[in-house]
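Have a look at the structure below before the remarks.
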Amino acid sequence: MVPAEKRKRPKESQVHDRIMELEAAIAEVRRGRKASPRTTRLMAAGLPRMAQKMAEEAMEIVIEAVRKERTAVINESVDLLYNLVVLWSELGISVSEIWAEMDRRQALLDIAEKLPKEIGVFPPSVRD
């Protein structure tokens, strides 16, 4: 049998699955069922610190991208995703809600990109 870390994931669900795994792990830390000193400290620091960490990681990505430091951009991107999922957890936002909004944008624009101002940011049920 191939160890879990060596198994390949199907390409189409890899991002979704990895973020779902991260969401589940963060939930376990939040419930006290999993040890993660870094995540525990970040949660204890509260929403302002979580938002600050998001900004820091995004800025680090920008700096490394301008420097064309590919490996650093990869590493900082993982840090950004981690901090984003912690922030979602704090706000009670599930990954499935994020995917639903991506699906909505895909349906509207044929690509899950930023919405034009005239479409707005709210789902149709909120706008009506």
Side-chain angles (χ1 to χ4, degrees):
M1 185 164 177
V2 178
E5 63 274 1
K6 299 269 185 181
R7 281 186 235 140
K8 299 255 186 204
R9 297 170 184 273
K11 289 283 188 200
E12 70 257 6
S13 66
Q14 186 174 2
V15 171
H16 178 267
D17 289 351
R18 293 306 297 262
I19 293 177
M20 296 287 285
E21 288 171 11
L22 181 56
E23 177 185 51
I26 289 167
E28 291 297 297
V29 173
R30 186 172 292 285
R31 291 184 198 107
R33 296 182 188 154
K34 183 178 186 85
S36 174
R38 179 180 302 275
T39 302
T40 301
R41 277 194 311 273
L42 186 55
M43 288 176 179
L47 191 57
R49 179 66 178 145
M50 292 174 194
Q52 179 184 7
K53 289 301 293 178
M54 287 286 307
E56 288 172 10
E57 298 302 343
M59 185 55 70
E60 289 171 5
I61 291 170
V62 169
I63 291 166
E64 298 301 348
V66 169
R67 292 179 179 161
K68 297 184 179 181
E69 294 291 338
R70 187 176 184 282
T71 300
V73 169
I74 292 168
N75 291 332
E76 296 301 340
S77 294
V78 172
D79 294 348
L80 179 67
L81 288 170
Y82 160 77
N83 281 286
L84 180 59
V85 177
V86 170
L87 184 106
W88 290 344
S89 172
E90 182 69 15
L91 295 171
I93 297 169
S94 70
V95 173
S96 62
E97 291 176 274
I98 302 300
W99 297 152
E101 176 60 14
M102 289 185 76
D103 290 344
R104 183 179 81 88
R105 292 177 184 203
Q106 176 76 27
L108 286 170
L109 306 170
D110 201 30
I111 184 172
E113 66 182 6
K114 184 173 178 168
L115 293 172
K117 298 273 188 231
E118 60 271 9
I119 292 177
V121 296
F122 300 107
S125 61
V126 176
R127 283 194 312 233
D128 297 340

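Shortest non-hydrogen contact noted between Y82 and I26 is O-CD1, 4.2 Å.
Looking at residues two or more places apart in sequence or on another chain, you find a side chain to side chain donor-acceptor pair (under 3.5 Å) between E28 and R31. Not a single side chain to side chain donor-acceptor pair (under 3.5 Å) links E76 to another residue, sequence neighbours left out. Under the side chain to side chain donor-acceptor pair (under 3.5 Å) criterion, R38 pairs with no residue at all, not counting sequence neighbours. The side chain to side chain contact (heavy atoms under 4.5 Å, CB included) check on R30 picks up M43, S89, E90, with sequence neighbours excluded.
Note that the CG atom of D17 and the CG atom of L22 stand 12.5 Å from one another [nearest 0.5 Å]. Separation of atoms CG (L84) and CD (E23) is listed at 11.0 Å; rounding is to 0.5 Å. In this structure, CZ in R104 is found 8.5 Å from CG in L109, a value given to the nearest 0.5 Å.
Side-chain contact between V85 and W88 is present, with heavy atoms from C-beta onward closer than 4.5 Å. Counting heavy atoms from C-beta outward, R18 and V78 have side chains that stay 4.5 Å or more apart.
Among L81, L42, L91, the single residue meeting the side chain to side chain contact (heavy atoms under 4.5 Å, CB included) criterion with V86 is L42. When each of M54, M50, E56 is paired with N83, the side chain to side chain contact (heavy atoms under 4.5 Å, CB included) condition holds for M54 and for no other.
E97 places a side-chain N or O within 3.5 Å of a backbone atom of S94 that can act as its donor or acceptor partner.
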Please set out all donor-acceptor pairs under 3.5 angstrom arising from side-chain atoms of residues 57-75, sequence neighbours excluded.
residue : atom : partner : partner atom : Å
N75     : ND2  : T71     : O            : 3.4

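Within the structure, the ring pair (Phe, Tyr, Trp, His ring centres under 6.0 Å) test picks out no pair touching residues 35-70 (sequence neighbours left out).
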